[in-house]
Amino acid sequence: MPKKNPRIPGTPGSGTPTLAEPTEPTEPLPPKPDQRAPALGTATGLPVEGPDTARGQQGEHLTTAQGARLYDTDHSLKAGTRGPTLLQDHHLREKITHFDHERIPERVVHARGAAAHGVFRGYGSADPISKAAFLGKDVETPVFVRFSTVLGSRGSADAVRDTRGFATKFYTSEGTFDLVGNNIPVFFIQDGIKFPDVIHAAKPHPDREIPQAQSAHDTFWDFVSLHTEATAHTLWNMSDRGIPRSYRMMEGFGVNTFRMVNAAGESSLVKFHWKPKLGVHSLVWEEAQIVNGMDPDYHRRDLADAIESGAYPEWELGIQAFPDTPDQTFEGIDLLDPTKMVPEELAPVQPIGLMTLDANPTNFFAETEQVAFHPGHLVPGIDVTDDPLLQARLFSYLDTQISRLGGPNFGQIPINRPQAEVNDMLRDGMHQTGVHPGVAPYRPNSLDAGCPFLAGADTAFVEVPVPMPESTKLRAAPASFDDHFSQARLFYASLSPVEQAHVAEAYTFELGKCYEQVIKERALGVVANIDPGLCEQVAAGLGLPAPAPTVAYDVAPTPSPALSQVGAEWPLDGRIIGIVADDESDLSEVADAVEMIGKNGMVPLVIGPHGGKLGSGKGAVPVSRTFLTMRSVEFDAILVAAPASDPRVQVLLTEAFRHCKAIGGWAAGRGLLEAAGIPADAPGIVIADDASALFDGLTALMKSHRVWERQV
Ligand code: HDD
């Protein structure tokens, strides 16, 4: 006997309802303002009423894609309950067909990412060199920022050793400006024609497609050891910059040199910098490896959680500005060579605005996956240079979206829509959503009254009329591009001893994962040209002789202190403190600590032997993680209020100790730490009488990010 469908009176069957609806229908979320369709212009400039395509969900009832209401979405239309499915079941075919096509090609690089909405407020300090309206004093511009790794596939882990992308879309009143940067200021290659080479070498081996999202393999080291212009970028990857603690704690760099143009038409060369308010911090390597197993979404989760809890991450946008001289160099550094950065001590970074990320995406696919950045999305006041890497980028980004987003109209996808008026003469094509009026999308025309008109040079984007030197057509690089080691030496010399030690460990780890002896030996030759002492350490770890440098050290590098992450104090917004407690702990002290941590913009996580609550009655304390579900890498610091006899707590404490995290314990329980093998007189251990003193002691240590004394 077929079952009755409760929604359709009179359907045959016993009358037994199928599944009950779990919730009452609710109002759909309102669309974000930046996702509304831009007004469509008519030929005569009058607004047109268009369908509100930004709304994904409307009304209470489930419908087909054509809006017909549905009474059942759980059963195919069949010839009897046990019979075959009927071809006429349009709903089945529509549902399955759409599902079959839900995936789009992932980005060929930077496939794994996370994003957030926010706002940029200009300081006006760039006005003397740029006429870009969004940089004006107190001008607020919506932004969408996508952070990413480079090598991994869309489902790969976050905390891998890699460069991070830092791409920002500014929806300005003069059109969209995209700043498509990285967290490392130098690049592997000097000419974009080599981009497929470096990416093919760094992606997994083509035969077995392993390893995923890593540079620790033969083809990568084969390429970078043969192609020494990659040395500086590779060194940055081997440094702590390759394993950020959080997207919120990364610098961003435009990498390429750009031009800024002021209202008088004067041009300057600039390098863009994002400076995080929380400072630049990293994981330690062992921690990163544990994170990738325990929480592959570590960075994505951290960003979303911080924004949801109101700990809005902030970055100052800054520029290094240089005179636009014909040779385009500064202090001997070729500004058109993207493997070179300019030390901040030579050209200070001048702040020009503040970005605050304050909203998570509503739909990952619609926003984070479909957002399309392009370094050629420029506004009046910002222009490109002849950097040969940037020149190739100007082609690649538009091109890649056509296959990734299925045609040339990806600019009409809500997240990609400019918030300035759009009045182009681009027509038709796959996924055209604009309903363009008029008959004359060409110029000149008389049928649409000559519309649209060209703007004057005062409001239009006008390329800087840079004079071209007399030249010959050829495939070659300038002689200044031949210097492959000075910047790597500068970076290494600028790191603190603990950071240098991490670099040695990273090279030893990565080269230790290579199979080919010849590649290890060649890579050591490159490391010798960075620093012979570094080379000796790595060679010793690999059990190989250390080769002598082949490139003379004419000039010892002058360290740039700004390149080190260590040695200052930073705000602690959103940092996580774990509190190990059990039912026997002094729960009023634990509750005080929880309150104090939360009040100070951090996240307390109570770790107990069981879920639910510790203790009972009014003083009971809710448990956030159990000994089974926590791992040390989730916490920036630990407070201990329970005996650490459980082996899982011992692992937590020994890892936290090894990873140089601040650890605290109540005076009454001094023995608890020692029982776990943590010497109470070691650096970074706080023992105090009450929650307040413990909190103060712990946070004083956390401001320096880690207790590095334990590693030197
Ligand atoms: Fe690129 C994506 C950053 C050189 C070609 N790139 C992409 C993204 C970032 C960067 C952050 C991800 C954007 C997003 O989140 O959607 N790329 C850089 C930086 C570079 C650089 C800082 C050096 C200064 N890129 C570069 C070169 C080429 C490309 C030289 C090609 C000639 N990049 C692409 C691409 C991608 C891309 C294939 C893949 C997905 C996309 O563009 O939209 O076009």
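Residue numbers run from 1 in the order of the sequence given. Atoms within each ligand, like the ligands themselves, are counted from 1 in listed order.
Given atom 41 (C) of ligand 1, the protein heavy atom at minimum distance is Thr400 CG2, 3.5 Å. Ranking the protein heavy atoms by distance from atom 13 (C) of ligand 1 puts Phe373 CD1, 3.8 Å first. In this structure, atom 16 (O) of ligand 1 lies nearest to the protein heavy atom Arg107 NE, 2.7 Å. With hydrogens left out, the protein atom closest to atom 11 (C) of ligand 1 is Gly181 O, 3.2 Å, a heavy atom. Remark: minimum distance from atom 38 (C) of ligand 1 to any protein heavy atom is reached at Val108 CG1, 3.4 Å. Scanning the protein heavy atoms around atom 30 (C) of ligand 1, the nearest turns out to be Leu389 CD1, 3.5 Å.
In this model, a donor atom of one side chain and an acceptor atom of the other lie less than 3.5 Å apart for Glu499 and Ser564. Checking Asp324 against Ser268 by side-chain atom types alone, no donor-acceptor pair falls below 3.5 Å. In this structure, a donor-acceptor pair under 3.5 Å is absent between the side chains of Glu316 and His273. With no hydrogens or angles considered, a side-chain donor-acceptor pair links His502 and Asp240 at under 3.5 Å. Using modelled atom types, one finds a donor on one side chain and an acceptor on the other under 3.5 Å when comparing Ser215 with Glu510. The closest side-chain donor-acceptor pair between Asp387 and Thr385, if any, does not fall under 3.5 angstrom. No hydrogens or angles considered: a donor-acceptor pair under 3.5 Å links the side chains of Asp334 and Ser480. For Gln487 and Thr339, the side-chain atoms include no donor-acceptor pair closer than 3.5 Å. Between the side chains of Thr149 and His110, no donor N or O sits under 3.5 Å from an acceptor N or O. Side-chain contact, Gln432 with Gln412: a donor N or O sits under 3.5 Å from an acceptor N or O.
The one candidate from Phe258, Phe170, Phe253 that meets the ring pair (Phe, Tyr, Trp, His ring centres under 6.0 Å) condition with Phe272 is Phe258.
Nearest to atom 22 (C) of ligand 1 by heavy-atom distance, out of Leu390, Leu394, Asp191, Asn182, is Asn182. One option in Gln391, Arg164, Arg146, His374 has a heavy atom closer to atom 15 (O) of ligand 1 than any other, and that option is Arg146.
A parallel orientation is assigned to the rings of Phe166 and Trp274, their planes being inclined by less than 30° (bins at 30° and 60°).
Atom numbering of ligand 1 starts at 1 in the shown order; those under 4.0 Å from a heavy atom of Val255 are 22 (C), 24 (C). Below 4.0 Å from some heavy atom of Gln401 lie the following atoms of ligand 1, by number and element: 41 (C), 43 (O).
Residue contacts with ligand 1 leave out Pro338, since none of its heavy atoms falls under 4.0 Å from the ligand. Not close to ligand 1: Lys194, with no non-hydrogen atom less than 4.0 angstrom away. The shortest heavy-atom distance from Phe166 to ligand 1 is under 4.0 Å.
Distances under 2.8 Å from atom 1 (Fe) of ligand 1 pick out the protein N/O/S atoms Tyr397 OH.
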